[in-house]
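Letters A, B, ... are given to chains in the order of the sequence lines, protein chains preceding strands, and every chain is numbered from 1. Predicted model, so just to flag it, every value in this text is computed and none were measured.
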Amino acid sequence: MSKQKIQAPKGVSEYTPPRSAAFEFVREALISPARLAGYQLIELPVFEDTELFTRGVGESTDVVSKEMYTFEDRGGRSITLRPEGTAGVMRAVIEHGLDRGQLPAKLWYSGQFFRAERPQAGRYRQFYQVGIEAIGLDDPAIDAEVIAIADAGFKSIGLSKYRLEITSLGDAASRAAHRVDLVKFIATMNLDEATAARATLNPLRLFDDKREEIKQAMLKAPLLVDYLSPESKTHFAQVTHYLDSLGITYVLNPRMVRGLDYYTGTTFEFVHELLGAQSGIGGGGRYDGLMAELGGQSLSGIGFGLGVDRALLAAEAEGIINEDLFVSDLFIIPLGEDAKVKALSLATQLRSHGKNVEIAFGDRALKGAMKGADKSGARYVIVLGDSEISSGTLELKEMKTGATSSVKIDALLTALSK
RNA sequence: GUGGGCGUAGCUCAGCUGGUAGAGCACUCGGUUGUGGUCCGAGAUGUCGCGGGUUCGAGCCCCGUCGCUCACCCCA
């Protein structure tokens, strides 16, 4: 632990073996339902013009006002490491005209995002999300499908101890009308300075306050759902109807608060029960004004972002990560120089058929090499020495049972495929 | 930005009211010739986060500093 030792920057998540295998499994599980639903990959830069986020996400949000990694590049441009995914996708959709073809445009992404927050359990400065966006369709059925895709992702990991919370933020006019009354209500509350300042920025925030006295007081506050226009109400009723028909259970949460300004209409959040303070494992919603705000045509959109780091923590909390996520099919222990040559060609050939093959190099003692084979979780092991090479026959040992069987070298592939 | 907790071998941690460091796991080798998991034996590893102070003497006390961690704000 010398003073000069370089460490990872504060608050980044890193995944090293063997946990990295679980991370990979979780990320893949989260995104596969979207692929099956016809969403296509979009790969985007991790940094963007700062203005994309100030305009898209909203200057009044905490994300933009105090959590962005912003710097000037050598040309004097203001650059920001992406704090979320949707704004960048919208920018790319507009820039590449992806909204000119058949709608909706359906896209998925996966990657790291950055927020300069104080780290804590489940909250990192660099974190991983997978997400999807469906652009150009306001049919409530797609809202339900998007939610179902997220739910399927969590289910395919094996998660069960989470709940889906859902509400509608309505359209701009509904929100404006509600805000007037909510501000009036808050004015009667006698708040401390910091809280009052927060309420001025976004009065909805008070619904999320963790202090008991504020929670109590807010029970009487006017709710946005009571201000929804008939169109918004109908739309939302349709969404829940489709969810019901899918058998997806949800909790209506009219006090739900989202951190990004662009949400409209249907919004939802997946909350895990076994995590600490940072229990949101995914969330999303409609953003019907975002594309126009960023200079594109006026198209609606809906999407979600799922936290890979948090989903992994949730999976671990539920005890559903099993150790043998990574196993080799075969472990070869070569004895001597000729055997090494033979092992290399044998491994190469088997790998070309998709077999996972490891070789114990380094002339280790046989006992040590066997231990290595054991650790690797390999199903089979062979010791390859002069006698095997000259006879062309191997002793194939199944590690789990300890049983061995004689196999011709040429028949190894078929033996492994059994 | 604010508050609490903690910093001792690769990992998890012990170290009594201050007398210059230990355990378990992991790792390497061995228990006679080419077969793992159990067992037994041997071995290697730390400037006890860093700097200063008190003291004859500090891992243990004091101050500072850096880092980690949990929580608040907020969020995936």
Asker: Heavy-atom distance under 4.5 Å between the side chains of A:R19 and A:L312, does that happen here?
Answerer: yes
Asker: Tell me whether the OP1 or OP2 atom of B:C27 has a side-chain N or O from A:K375 closer than 4.0 Å.
Answerer: yes
Asker: For A:Q129 and A:S110, which I'm curious about, is there any donor-acceptor pair between the side chains at under 3.5 Å?
Answerer: no
Asker: Touch check for A:G122, heavy atoms < 4.0 angstrom, all strands: base, sugar-phosphate only, or nothing?
Answerer: base
Asker: Just to be sure I understand the rule, does A:S387 reach a base, reach only the sugar-phosphate, or reach nothing, if contact means heavy atoms closer than 4.0 Å?
Answerer: base
Asker: Hey, can you tell me if A:Y128 and A:F23 have their rings parallel, tilted or perpendicular (30° and 60° cut-offs)?
Answerer: perpendicular
Asker: Figure out the CG/P separation between A:L30 and B:A76, and round it to whole Å.
Answerer: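 Taking atom P of B:A76 as the reference, CG of A:L30 is at 15 Å.
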Asker: Can you check whether A:R118 has a side-chain N or O nearer than 4.0 Å to OP1 or OP2 of B:U69?
Answerer: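 No, no such contact exists.
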Asker: Mind checking the P distance from B:G24 to B:G5? Whole angstroms is fine.
Answerer: 32 Å
Asker: Listing time: all N or O pairs from protein to nucleotides 28-32 of chain B that are below 3.5 Å?
Answerer:
unit_1, atom_1, unit_2, atom_2, d
B:U28, OP1, A:R364, NH2, 2.8
B:G31, O6, A:K367, NZ, 2.7

Asker: Give me the stems containing RNA chain B, sorted by first residue, counting only three or more consecutive Watson-Crick or G-U pairs with both distances under 3.5 Å; say none if there aren't any.
Answerer: B:1-7 with B:66-72, B:10-13 with B:22-25, B:27-31 with B:39-43, B:49-53 with B:61-65
Asker: Quote, to the nearest angstrom, the C1' distance that separates B:C61 from B:C68.
Answerer: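 The same atom, C1', in both gives a distance of 23 Å.
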Asker: Scan the side chains in residues 89-96 of chain A for donor-acceptor partners under 3.5 Å anywhere in the protein, sequence neighbours excluded, and list what turns up.
Answerer:
unit_1, atom_1, unit_2, atom_2, d
A:R91, NE, A:E95, OE1, 3.1
A:R91, NH1, A:E48, OE1, 2.9
A:R91, NH1, A:E48, OE2, 2.5

Asker: Quickly work out the A:K397 NZ to B:G34 C1' distance and round it to whole Å.
Answerer: 11 Å
Asker: Let me know the distance between CD of A:E67 and P of B:C72, rounded to the nearest Å.
Answerer: 14 Å
Asker: Could you tell me whether A:E28 and A:R35 have a side-chain N and a carboxylate O separated by less than 4.0 Å?
Answerer: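 The answer is yes: the pair qualifies as a salt bridge.
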Asker: What's the gap between B:U32 and B:G41 when it is taken at their P atoms, as a whole Å value?
Answerer: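 Rounded to whole Å, the distance is 16 Å.
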Asker: Tell me whether the ring of A:F127 lies stacked over the B:A76 base, given a 5.5 Å limit on centroids and a 30° limit on the plane angle.
Answerer: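 A stacking contact exists, since A:F127 sits close and nearly parallel to the base ring of B:A76.
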Asker: Report the residue (A:V308 or A:E395) whose heavy-atom-nearest nucleotide on RNA chain B is the more 5′ of the two.
Answerer: A:E395
Asker: When the C1' atoms of B:G1 and B:C13 are compared, how many Å lie between them, rounded to an integer?
Answerer: 34 Å
Asker: Under 3.5 Å, is there a donor on one side chain and an acceptor on the other for A:T167 and A:T267?
Answerer: no
Asker: Base, sugar-phosphate alone, or nothing: which one does A:A373 contact when heavy atoms must sit under 4.0 Å apart?
Answerer: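 Result for A:A373 = nothing.
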Asker: Base, sugar-phosphate or nothing for A:Y124? Non-hydrogen atoms, less than 4.0 Å.
Answerer: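 Counting heavy atoms under 4.0 Å across all strands, the contact made by A:Y124 includes a base.
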Asker: If you look at every strand shown and take non-hydrogen atoms under 4.0 Å, does A:G402 touch a base, only sugar-phosphate, or nothing?
Answerer: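 Base, at least one base heavy atom under 4.0 Å.
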Asker: Say we look at B:A44 and B:U35: how far apart would their C1' atoms be, to the nearest angstrom?
Answerer: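 About 27 Å, rounded to a whole number of Å.
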Asker: Is the base of B:G34 touched by the side chain of A:E388 through a donor-acceptor pair closer than 3.5 angstrom?
Answerer: yes
Asker: When rounded to the nearest Å, what value does the distance between P atoms of B:G49 and B:G31 take?
Answerer: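 Straight-line distance between the two P atoms is 40 Å.
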Asker: Taking the C1' atom of each, how far is B:A58 from B:G43, in whole Å?
Answerer: 31 Å
Asker: Under 4.0 Å, counting only non-hydrogen atoms across every strand here, what does A:L306 touch: a base, just sugar-phosphate, or nothing?
Answerer: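 Contact class for A:L306: none.
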Asker: Taking atom P of B:C74 as reference, at what distance in whole Å does atom CG of A:L204 sit?
Answerer: 12 Å
Asker: Given the C1' atoms of B:A23 and B:U8, what is the spacing between them in whole Å?
Answerer: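 B:A23 and B:U8 have their C1' atoms separated by 12 Å.
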Asker: Checking the side chain of A:T200 only, and the main-chain atoms of A:A196 only, is there a donor and an acceptor separated by less than 3.5 Å?
Answerer: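 Checked: pair present.
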Asker: Within this structure, what is the CG-to-C1' distance between A:L201 and B:C74, rounded to whole angstrom?
Answerer: 12 Å
Asker: For the pair made of CD1 in A:I333 and C1' in B:U35, what is the distance, rounded to whole Å?
Answerer: 7 Å
Asker: The side chain of A:V383 is closest to which nucleotide in this list: B:C74, B:G34, B:C70?
Answerer: B:G34
Asker: Heavy atoms from C-beta onward define the side chain here; which of B:C72, B:C70, B:G34 lies closest to that of A:A277?
Answerer: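 From the listed options, B:C72 comes nearest.
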Asker: Taking 4.0 Å as the cut-off, does a side-chain nitrogen or oxygen of A:Q120 come that near to OP1 or OP2 on B:U69?
Answerer: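 For B:U69, OP1/OP2 do not have a side-chain N/O of A:Q120 under 4.0 Å.
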Asker: Measuring to OP1 and OP2 of B:C72, would you say a side-chain N or O of A:R211 lies under 4.0 angstrom away?
Answerer: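 Indeed not, no polar side-chain atom of A:R211 lies that close.
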Asker: Measure the shortest side-chain to side-chain distance between A:L260 and A:T86 over non-hydrogen atoms and say whether it is less than 4.5 angstrom.
Answerer: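 A:L260 does not reach A:T86 side chain to side chain.
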Asker: Mapping A:M370 and A:D62 to their closest nucleotides on RNA chain B, which lands nearer the 5' end?
Answerer: A:M370
Asker: A:F331 CZ to B:G36 P: how many Å, rounded?
Answerer: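 Rounding to the nearest Å, CZ of A:F331 and P of B:G36 are 14 Å apart.
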Asker: So, A:F304 versus A:F270, ring centres under 6.0 angstrom or not?
Answerer: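 No.
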Asker: For the side chain of A:K10 and the base of B:G67, is some donor closer than 3.5 Å to an acceptor across the two?
Answerer: no
Asker: Give A:R258 one of three labels, base, sugar-phosphate or nothing, depending on what nucleic acid heavy atoms sit under 4.0 Å from its own.
Answerer: sugar-phosphate
Asker: B:A76 base to A:E117 side chain: any donor-acceptor pair below 3.5 Å?
Answerer: yes
Asker: Testing the 3.5 Å rule here: is there a donor-acceptor pair between the side chains of A:E24 and A:Y15?
Answerer: no
Asker: Within this structure, what is the NZ-to-P distance between A:K66 and B:C74, rounded to whole angstrom?
Answerer: 7 Å
Asker: Identify which nucleotide among B:G34, B:C70, B:G36 has an atom closest to any side-chain atom of A:L366, counting heavy atoms from C-beta outward.
Answerer: B:G34
Asker: Is any NZ, NE, NH1 or NH2 atom of the basic residue among A:R286 and A:D288 found under 4.0 Å from an Asp or Glu carboxylate oxygen of the other?
Answerer: yes
Asker: Salt bridge check, A:D338 against A:K342: does any charged N sit closer than 4.0 Å to a carboxylate O?
Answerer: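 Answer for the salt bridge query: no.
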Asker: Under 6.0 Å from the CZ atom of A:F207, do we count more than 12 heavy atoms belonging to anything else shown?
Answerer: yes
